[in-house]
Amino acid sequence: MRKIIFSYVAIFGILLSGCEMPDDPNFRTSHRIEAPVMYNKTFQFMGQGPNVMIDTTSSDFDSLFSVDGDNFITISKQESFDFGDLNDAIPAVNVTPTSFSTAVGEIELGNFSSGANGNLGEASFEDITGLDPAAVPQGTTIPAGQTPTPVNLQIGANMDYFVSATVKNGSVDLAITNNLGFDLDVIDIDLRSGNTLITSTTINNVIHGATTTGVLNFSQGDVLQDLNVDVSVTWSTQVTQADPGNLIIENIQGNDLVASQVEAAVEAQTFESSDVTALDDTEFLFNTPDHYIELQSGDMQISEIVNNIDITVETMSISFPDIRTAPYGVGDSLIINYSDATEITRNGSAPARSIDLSGYRIFAEGNQIEYNISALTENTQTGSSSDTRVISETDDVSATVSINNLQIAKAFGMIVTKTVLLSDDDPANGINELDLFNNTEAELTEIDGLSDLSEKLDGIEFTEPTISIDYTTNLEVGATVYGAFLGINSKGEEVFLTGDPGSSYEVTSPVSGLNVNGTALSVTELIKFGIDTNTGSGSITFDESTTNVDDFLNNLPDEIRFIGKAVVNEDNEEGTVITPVEFVPTINVNIPLALRTTQAATFTDTTDQDLSDLPSAQNGDDSRLTEGRIIIDYTNGLPLQIDLEVTLLDSLRNQITSIQPLDYLMASGIDPGTQFADNPAAGSIPIPLNKSQLDQLYQTRYLQISAWLLTTDTNNDGTGNEVKIRSTDAITLSVSADLRIETEVN
C-alpha cells in the first residue's frame, strides 16, 4: 500500500508532578510527567509549504493542480497530444496519360485551278453545231438543232490545283461561257473520271456572251482524277448575234466539297477535335461542376508532337477548359499554343513542352478532364511552298499528354472514405499495423506527478474525473477516430479507456491493424470518437456517464499510450480539405477531488524523536516507567474519518512498537448539498502503553505517524459517501505523552 508521509516533531521535556520522601532509608519515589510531542499543529490538505499534506509546489506536481474560486481542488493536466500526420487525408488524384491523335479529317476543296476566268477547256462552233462557221456569220439565221455528238473536253490537264480526290460529299460549281454567237436553250454536261461517268448537270437558257454556272453533285466515294466533260447543247432557230466562237469551261470551284483523300494544292485547312482524359476516382469524386482540386504543384508534359500530314500546321492550340487559373471563372482555361517558331512542320515535329500547374484548379465533373485541339494548316495554293500534296483524312498530328506529380493544396468535393494512420508506421511489425508498445508508433503522454500522487493517495476512488481532447483543425470533412488509450500507473497496472455499451464511444466491430504486443486489440479495449469539422475547433469529453474514465483515471496513470486510425468522411459527405491538414490536439486530464474511498487511503510521515533520556530497566537505570499513555487531541476539518497509528522506530528505523487508538478521528460535518466539510469535528483520544512498550521507549529515535482516510459511510453500505475536498480543508493534531516514572532509593 502506497503512503503519503507527514512530519510530526516530538520534543520531550520532563516535568516534576509529585515527590515522596519516606523515612525508611530504602524507598521508592514516583514521578508523573507530561511530555508534549506535538502541540496544536495544523496540516492543510493541499497547498504550499511544509505543513500541507500534498505540496503542490513540488516539482513533481508542477501544473498538476488547479483551484477554483471556492478552493475546490481539481487535478488538471494538459499535454500536447500528437495524433500523427493527418495529411494522408489529402486525396491522391492521378490523371491517366492521354495519347491524342488529331486527324485532318475531311479535306476541303475550293479552287481547282489558279486561273480566275481561265480556260480549262473549250469546244468550237463547229464541234458544237456540226456547221461550217463560215456559213453562219453574224446576222445569219441558224436553224434549230443540237450537238450531233457530245464534245469531250479534257479539263483535268489544265487544273494546276488538282490532281485527284476521293469525295465524301459536296458538289462543284462549273462556270461555262457561251461565245458561240447565238443563245443556247440547254447545255448538258457529263463529268467523267477517266472513262467513268461521275455526275451530270443541265444548264438552261444560256445567252450569247454570258457566263453561267452549273452544279455537279457528288456521291460519297466518288473518285475524281483525269477529269473530262462531255458537252452537248440544244438551240432554237434564231439570227446569230456575232460571228461563230467557242463554248469555254472557265473554272471549277468546290461547293462544300470535302474529300477523304486528295492530291491537290489546298487552301488552309482547319481541323478540330475534343476528347477527355480520366482522373482516378478511388480517393476523390468530382460529382458536380463546382468540385475541384487546387494544385500546390504539378506539371503537364506534352511529348514531341509528330506531324504525319504532308502539310505544315502553322498554328495549333491545345486547350483545357477544365484547368483554370485564378479567379477560376468558367471559360478560363489552360491553352498551349504552337505557332511561328513552334509551328509543326510538314511531315515534321514540334519539341516537347512542360507546363507548371502550380496554382491551377482542375474542375473535372465525372472525374474527366476535357481537352480541345484546334489547328490551321498552311495554304499550299500560294507562297513559296505552293504545290500539290497528297493528304488523307486519317493523316494526323499526334502526341502524349500526361499530368504528373500532383500535390493538392485544396480539394472541394467528395473525398472517398479512407483510413488514415494516426502515427508513424513502423514496418518492423507489419505495414499498416500499429502496436501500443512499439514506441515508434504509439503516442506516449506522461502525466508528471500522478505517479507521485498515486504513491501518496492509495485507495482513493475519484468520482467525477474526465478526460477531454481539445483540438483545432482545418479539415472540413468529418472523421471518426478508432483507437486505444492505455493508462499505466507507477505499479505497471494497466487500464484501457473504453466507451460504455450503447454510447457513441463504444466500438462494436473489430478494427484491423491495432495491436498490443502483437495481439489484435478487442472491441472492449478500443474507443471511438468523432472529429467535428464545422467550426475549426472542437472538444471531446470522456466522462463516467459514457466511458469507464473513472476506472481509467482511478488507476492514476502516469503514462498514457495511444494508437489509432481515423476514418475520413465515413458518411460520404461533400467537403473541403486543405494542405497541410492542421489537426492540433491537446489532452486534458481533470480529476476533481470529489472522491470516496473504497479502502482506507493512507499517508505516513516519519520525524526525528530522540527518547534516549527516558529511563528503562533494560538499560540498567534505577528508574523505570511504570505507567503511560499517548494522548491525541484533534480538530478535523477534513470530510474524512481518520484512523491513526503511532509507530516508534529505533536508530536503524526498525519498528520498536506501534500504538493505535481504538476510535477513529471523526470526520467533519458534511454539507449534504455541496458535499464539502462544514463543521470541524474535535476530540481527544488516549492510547495506553503496556509494560513492554514503556520499557522500549528509550530506544526511540524516530516517530512515525500513519493515517488512514475514510469517507463517512452514512449509507451504511461499506463504500463511503462521495465527498469534496477544498485545498484549505485542514486537520489540527495535538499529541502528548502522560508518563509515570518510579525510582527505587537504597
Side-chain angles (χ1 to χ4, degrees), residues 106-125 127-128 147 150-181 183-184 186-194 196-219 222-233 245-259 261-269 377-383 385-391:
E106 297 175 342
I107 305 158
E108 297 180 1
L109 292 174
N111 293 327
F112 278 55
S113 64
S114 59
N117 297 317
N119 187 332
L120 298 183
E122 60 183 41
S124 68
F125 178 90
D127 291 337
I128 293 297
T147 302
V151 180
N152 182 260
L153 303 176
Q154 296 291 325
I155 61 176
N158 299 317
M159 296 179 183
D160 55 344
Y161 285 171
F162 181 83
V163 176
S164 65
T166 301
V167 174
K168 294 198 73 172
N169 56 67
S171 62
V172 294
D173 294 336
L174 185 146
I176 191 166
T177 299
N178 177 13
N179 286 330
L180 292 173
D183 298 337
L184 304 178
V186 176
I187 302 176
D188 291 315
I189 301 172
D190 292 335
L191 179 67
R192 296 179 178 275
S193 178
T196 303
L197 176 65
I198 301 297
T199 185
S200 300
T201 188
T202 296
I203 306 173
N204 296 311
N205 301 317
V206 182
I207 65 176
H208 169 68
T211 300
T212 307
T213 300
V215 178
L216 294 163
N217 295 304
F218 296 108
S219 299
D222 286 344
V223 176
L224 307 181
Q225 61 183 4
D226 299 327
L227 292 181
N228 60 93
V229 293
D230 286 340
V231 180
S232 62
V233 302
N246 299 323
L247 187 69
I248 304 170
I249 306 296
E250 298 284 356
N251 61 60
I252 294 179
Q253 176 71 44
N255 182 12
D256 295 328
L257 178 64
V258 293
Q261 183 174 340
V262 300
E263 181 178 356
V266 295
E267 295 178 301
Q269 303 288 306
T377 70
E378 64 177 322
N379 185 340
T380 64
Q381 294 180 353
T382 62
S385 60
S386 60
D387 58 7
T388 59
R389 310 285 176 86
V390 177
I391 306 172

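Residue indices begin at 1 and follow the sequence shown.
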Under the 3.5 angstrom rule, does the side chain of [X] hit a backbone N or O of [Y] as a donor-acceptor pair?
X      : Y      : result
Thr201 : Val215 : yes
His208 : Gly181 : yes
Ser386 : Thr380 : no

Do you know the tightest heavy-atom contact between [X] and [Y]?
X      : Y      : value
Gly254 : Phe112 : N-CE1, 4.1 Å
Val172 : Ile252 : CB-CG2, 3.5 Å
Glu108 : Val258 : CG-CG1, 4.0 Å
Leu109 : Ala259 : CD1-CB, 4.2 Å

Take Phe125 and Leu247 through the test side-chain contact (heavy atoms from CB on, under 4.5 Å) and record every step on the way to the result. CA-CA 7 Å; Phe125 178 90; Leu247 187 69; over 6 Å; no
Going by heavy atoms in the side chains, are Val186 and Thr202 under 4.5 Å from each other? yes
Taking the side chain as everything from C-beta on, heavy atoms only, tell me whether Glu263 gets closer than 4.5 Å to Ser164. yes
I'd like to know if Glu378 pairs up with Arg389 as an ion pair, taking the criterion as any Lys NZ or Arg NE/NH1/NH2 lying under 4.0 Å from an Asp or Glu carboxylate oxygen. yes
When rounded to the nearest 0.5 angstrom, what is the spacing between [atom1] in [X] and [atom2] in [Y]?
X      : Y      : atom1 : atom2 : value
Ile203 : Asp188 : CD1   : CG    : 9.5 Å
Leu120 : Asn228 : CG    : CG    : 12.5 Å
Ser124 : Asn179 : OG    : CG    : 13.0 Å
Thr388 : Tyr161 : OG1   : OH    : 11.5 Å
Ser114 : Asp160 : OG    : CG    : 3.0 Å
Thr199 : Asp222 : OG1   : CG    : 7.5 Å

Answer with yes or no whether the side chains of [Y] and [X] bring together a donor and an acceptor at under 3.5 Å.
X      : Y      : value
Ser113 : Asn251 : no
Ser232 : Thr147 : no
Thr213 : Asp173 : no

For Thr177 and Glu250, what are the C-alpha separation, side-chain angles and deciding distance, and is it a side-chain hydrogen bond (donor to acceptor under 3.5 Å, both in side chains)? CA-CA 7 Å; Thr177 299; Glu250 298 284 356; 2.6 Å; yes
With Leu227 as partner, the option from Val163, Leu153, Ile155, Asn158 fulfilling side chain to side chain contact (heavy atoms under 4.5 Å, CB included) is Ile155
Among Val229, Asp230, Val233, whose side chain to side chain contact (heavy atoms under 4.5 Å, CB included) with Ile189 holds? Val229
Could you walk me through whether Asn178 and Ile207 pass the side-chain contact (heavy atoms from CB on, under 4.5 Å) check? CA-CA 7 Å; Asn178 177 13; Ile207 65 176; 5.7 Å; no
Would Asn119 and Ile249 satisfy side-chain contact (heavy atoms from CB on, under 4.5 Å), going step by step from the backbone distance to the final call? CA-CA 6 Å; Asn119 187 332; Ile249 306 296; 5.8 Å; no
